[in-house]
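To keep things clear, I will list the structure first and then write my remarks on it.
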2 protein chains.
Amino acid sequence: MSSHLDQTFAALADPTRRAMLARLAQGEASVSELAGPFLGSMSLPAVTKHLKVLENAGLVIKTREAQWRPCRLNGTPLKDASNWIEQYRRFWEESFDRLDAYLKTVTRSDKGRHDGRKKKSR
Amino acid sequence: MSSHLDQTFAALADPTRRAMLARLAQGEASVSELAGPFLGSMSLPAVTKHLKVLENAGLVIKTREAQWRPCRLNGTPLKDASNWIEQYRRFWEESFDRLDAYLKTVTRSDKGRHDGRKKKSR
DNA sequence: ATTGTAATTAACTGAAAAGTTAATTATCTT
DNA sequence: AAGATAATTAACTTTTCAGTTAATTACAAT
């Protein structure tokens, strides 16, 4: 049992899969169209599997048209991923760097101790 | 050899690790403080390993203080992850849904064919 | 010096991930 | 009906990941 976010982030952790999403951002594509750029370095079944991971994560929706499987990107799981990350925005923005710098100025001694004792002063 | 984004997304794909980041967002914590909530369900070495993954991804910075390893969150890798995801924002926002709905209205037939032929009309 | 606490390292296990080749299914074309 | 094309499934290998227990390192306190 793995959460939605688990699956989304796991799917995004692979460069082949991110490239496939990038391709799909340009528009619908069949499996072989998606596979094209990778067939030099991996087999078609490997691509099918990557696609399955994206599909299971809900990032790609595969339909049927004759012997083709047109795929399109579904962004909704990315919304949750984005929201999750956004929680941490302050940790990479300027304002935080300044806060951080400030916190470093304040002596960490007592706040930082785990044994409830004072640190020797330097 | 895995890219920065690979490592970041892979690190975020695990709920234990995300929980550890959530804890660190509250402020610095030692390894055992971080481990606390999980010691019911996993061993301390397991926690150390998760922490190592976060550290390798650059999401956590571990320092030394006596026998403790105070850890703090470093948000910068999240910035890249966020930027990557933001590229796809239009795929989960209203405006896109409308565009999508519109595209479905227009007959997909020729646009969607991969063999350059016309579809039989229904 | 000995003991206790914090954390890591070592060595191992089991399960999941990522790839392979070969065979199979489904559909279209002639 | 036969052949070509698109894609998947099966069976297998290899590697990586997540966890375990036991041993070890490092420091502090007495």
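Proteins get letters first, then strands, A, B, ... in listed order; numbering begins at 1 in each. The basis for the numbers below is simple: all heavy atoms, side chains too, and nothing from hydrogens, waters or symmetry mates.
Nearest approach of A13(A) to A10(B), heavy atoms of both residues: CB-N, 3.5 Å.
When each of dT27(C), dA18(D), dT9(C) is scored by its nearest atom to the side-chain atoms of H50(B), the top-ranked nucleotide is dA18(D). With dA6(D), dG19(D), dT8(C) as the candidates, the nucleotide lying closest to the side chain of W68(A) is dA6(D). Of the listed nucleotides (dG19(C), dG19(D), dA18(C)), dG19(D) has the atom at the smallest distance from the side chain of M42(B). With distances taken from any side-chain atom of S32(A) to the nucleotides dA28(D), dA11(C), dA7(D), the minimum falls on dA7(D). For Q67(A), the listed nucleotide lying nearest its side chain is dA6(D); candidates were dA6(D), dA7(C), dT8(D). For D14(B), taking side-chain heavy atoms from C-beta onward, the closest of the listed nucleotides dA7(D), dA18(D), dC27(D) is dA18(D). Listed nucleotides dT20(C), dT5(C), dT8(C) differ in distance to T48(B); the shortest reach to its side chain belongs to dT8(C).
Checking side-chain atoms of R17(B) against main-chain N and O of H50(B) turns up no donor-acceptor pair under 3.5 Å. Looking at E33(A), its side chain does come within 3.5 Å of a backbone N or O of S30(A) through a donor-acceptor pair. Y88(A) places no side-chain N or O within 3.5 Å of a backbone atom of L73(B) that could act as its donor or acceptor partner.
What separates CG of L54(A) from C1' of dA17(C) is a distance of 14 Å, to the nearest Å. Rounding to whole angstrom units, NZ of residue K52(A) and P of dA7(D) are separated by 14 Å. For L51(B) and dC17(D), the CG to C1' distance is 16 Å, given to the nearest whole Å. Taking atom CD of residue E33(A) and atom P of nucleotide dA6(D), one finds them 10 Å apart after rounding to whole Å. In this structure, CD of E28(A) is placed 15 Å from C1' of dA6(D), rounded to the nearest angstrom. Distance, E65(B) CD to dC27(D) C1': 12 Å, rounded to whole Å. Per the geometry, NZ belonging to K49(B) stands 13 Å off P belonging to dC12(C), to the nearest Å. In this structure, L44(B) places its CG atom 13 Å from P of dG19(D), rounding to the nearest Å.
Side-chain contact between L24(A) and L59(A) is absent, with no heavy-atom pair separated by less than 4.5 Å.
The phosphate of dA6(C) has neither OP1 nor OP2 within less than 4.0 Å of any side-chain N or O from S30(B). In this model, the phosphate group of dA7(D) is not approached by any side-chain N or O of R64(A) to a distance below 4.0 Å at OP1 or OP2.
Between P45(B) and S43(A), the residue anchored nearer the 5' end of DNA chain C, judged by the nucleotide with its closest heavy atom, is P45(B).
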